[in-house]
Amino acid sequence: MQISRADSVRIGLLSVVLIGLSMGPYWADRGTMRLLIEAFYFLALAQLWNLLAGYSGLISVGQQAFVGLGGYLLFTLTMFAGLPVLLALPLAGILTGILAWPTALVAFRLSGPYFAIGTWVIAEVYRLSFAQISSLGGGSGISLPTDIVRSMADGRSARESLTYWIALAIMLAVILGIWALMRSRVGLGLGAIRDNEEAATSIGVRTTRLKFSVFVGVAAMTGMIGALIFLQKLRITPEAAFSVNDWSVLVIFIVVIGGIGSLEGPILGCILFFVLREFLADLGSWYMIILGVISVGIMLLEPRGLWGMLNRKRSLTLFPIARRSPKLKSLNQDTP
Amino acid sequence: MEWINAIVQGILLGGLYALFAAGLSLMFGVMRFVNLAHGDFIVAGAFGALLLVESLGLHPLLTLVIVLPVMAAFGYVGQRLVLNRVVGRDILPSILVTFGFSVILQNLMLEQFSADSQRLSAGALDTASFGIGSLSIGAVPLLMFGAAVAVLGGLNWFFGHTNTGRLLRATSDDGEIIGLMGADRRHLFAIATALASAVVAIAGVLMAVKTNFDPSAGPIRLLFAFEAVIIGGLGSLWGTLAGGIILGVAQGIGAQIDPGLQILAGHIVFLIILVVRPQGLFPKQKG
Amino acid sequence: MSQLLKIEDLDAFYGDFQALFEISFEMAEAETVALVGANGAGKSTFLKCLTGLLPTRGQRILYRGNNIAGVPAFKIARQGIAMSPEGRRLFPSLSVKENLMLGANVGRKGQWDLAAVQALFPILEEKRDIPATLLSGGQQQMVAIGRALMSNPALLLLDEVSLGLAPVIVRDIYAALPKIRTGGTAVLLVEQDIGMAMQVSDRMYCFQEGHVSLQGVSADMTRDMISTAYFGREKEVQ
């Protein structure tokens, strides 16, 4: 396989960033580590939401359902089933995916904009239900017992490093997973659905099955991220676990601002989001107003977001997805 | 007796929910457009009434004289200037733009009015009630229900008997060719939003008299409105009233079992109906 | 006769797909012109361009001397171009009478009102309160034509009036054409039935793959000429 110059630059750049990030615990202080962990899981959530909305036409405002489920499952599995944290973490994801199955069966009865609100209702049902479970603290929530926290690793800094690497690994797995998915037959099918669902069905794409699988898969990964989030926070309440503001509004803003329908967009959006937050978080609700205005402005003026703005000709790419037939490519170059 | 009372209160509350739902249903019917900021606009109507009560000393219900035309005009202009740009085949922009508006509006209200819970007093009306046997029916809930019936009846008459109403129904059927009828689709869309906003104003002011509200009270109203629309069946205004009543009764019964179950009971009845009868109870009949 | 419509080099696109190529077309006031061609030749696309349902910004469609290319559909309707669209496109939730009344929303005065349309197609009075799409195909076609007439158009576009209808019903509908023409309304009709098209029109155009392949006075045409233009036989010979 030939590697072009652009490819080698790209690979070089990515390797430097990756090595730098994976060495995080050796160069970053605690505050930076915390910030990076948060950035990792927000980016992972953003990529997953983008896979739903940007690539599959499934616009959900109820992904907090799966963040919360993952979080609560982690607490349940460690506290009541006595499982070690490192096992409970992936298991929480898998169980969330299983619970997403009936959820999807209900939500898929609604289409388009009503699907969005339907997912939100379902997330509320989960929130209100967990508030009724007294063994998990009911409405006021519960903390992860210290012996479980201690069992993860020796000492706080070792535990924090471990959390950091898990967050980084999940984020990379999500990005690479979506990239691989987009380069596969599934990606082609999803693209066809996004462009024209009826036509996709008529050429043999099994649209409902494909969308269903994507929804459940995304839910499972979202659940695992939720487990990680509340492993880091060490305390869970229904309000925090199923927060529409944290796990839907902010995630959607990140994707919209960065650029929906690309892998690079959410990365850009996530960086911008954390930079803005550093400067504007003191403004309180004005910070949310500013984010809202930017998002609405982008949707109205350049729906492909900042990445689309920077990259009008689609010449730049960190993650090449587009398929080009070599023959077509040469034809294109010949015609002026 | 308590149970019958809970059911009667639920029915009357359903009137308010039908008012929440009517605007959402109307906009979806005409332009296949769902405003995710719908609930926040209801709350904005309530805060508008609060402002007028505090500054002019108006009776809460009288504030409608100002709140209703202001919101209708805002709806018309907002549709022409902003929302018409995102109405279309691709639903993503409309969902994301109105979702953004929801967040902006909530936080603007939070800045302006603080997170405190508010409620408007309608004076003697608050405590007035009628006794039927051992049932006691409050004047405010009854007024709400009456308003809902009047608004839905008025809308039904408008759609059935005016030229603009016919044009809106035709747009709902087949908006693409409405231009052949010499009608500007952008104007019709804005009329639909203005009508929906007028209903939102009524719903907002009545809600302010009936219950506590605060800047974050919008999203749950959106969910109630949505549930009433889906339970009733898309595109049917009277179905919306039935949907509102079913939701209200479900919540009333839930609250009777345990106050913490009020909202959850409504959601669960909604989900059951969605699974058992996804087209809703009274779907629009098409010829 | 004065000119009603003059079009030069009209192109039309659906996204990246070009459906019409440099169409030149003329029509006089009160003339009846038939447009024929195979499926996908661009006939309906052409009518959509004239009514403004398909964007034509920046091109030239002169209607009574004014360029209406890029003008929104509702304004073109108000200037007097009406269409009975392909597939009739009646509004299902409206009754027959309500469908007809919507045509009057265009707001042009003239000989056509509800009574005149009901006199032209008496069945529409009898069925006035029935949802329009519950009528038979032929009756639905009458509603669609009546709805277009209610706007008192100077130019009436009829797209595939006979599609899916029994010959006897087609004849009934075409029997109304002379009455429509007496008011001075020009008619441009898209028709699959070449015989019918030749019989009722003054002039004809034939489209083939988005190009004008033949045009002329209908009385001078032969079926051979038309079928050559229709199917592009010389192409097949190559």
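Here is how names work: the chains are called A, B, and so on, in the same order as the sequence lines, proteins then strands, and each is numbered from 1.
Looking at C:R147, the atoms closer than 4.5 Å to chain B (heavy atoms on both sides) all sit in the side chain, from C-beta outward. For C:L53, the part sitting under 4.5 Å from any heavy atom of chain B is the side chain, from C-beta outward, and nothing else.
C:S162 and C:Q192 are not linked by any side-chain donor-acceptor pair at a separation below 3.5 angstrom, with hydrogens and angles left out of the test.
Here B:I273 contributes atom CD1 and B:I231 contributes atom CD1; the two are 4.5 Å apart, rounded to the nearest 0.5 Å.
For C:K43 (side chain) and C:A38 (main-chain N/O), a donor-acceptor pair under 3.5 Å exists by modelled atom type.
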Practice task
Run the numbers on C:Q141 and C:S84 for side-chain hydrogen bond (donor to acceptor under 3.5 Å, both in side chains), then give the verdict.
Solution key: CA-CA 8 Å; C:Q141 189 59 61; C:S84 161; 3.0 Å; yes
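Of the listed residues C:I81, C:T51, C:N105, C:I76, the one with more heavy-atom pairs under 4.5 angstrom with chain B than any other is C:N105.
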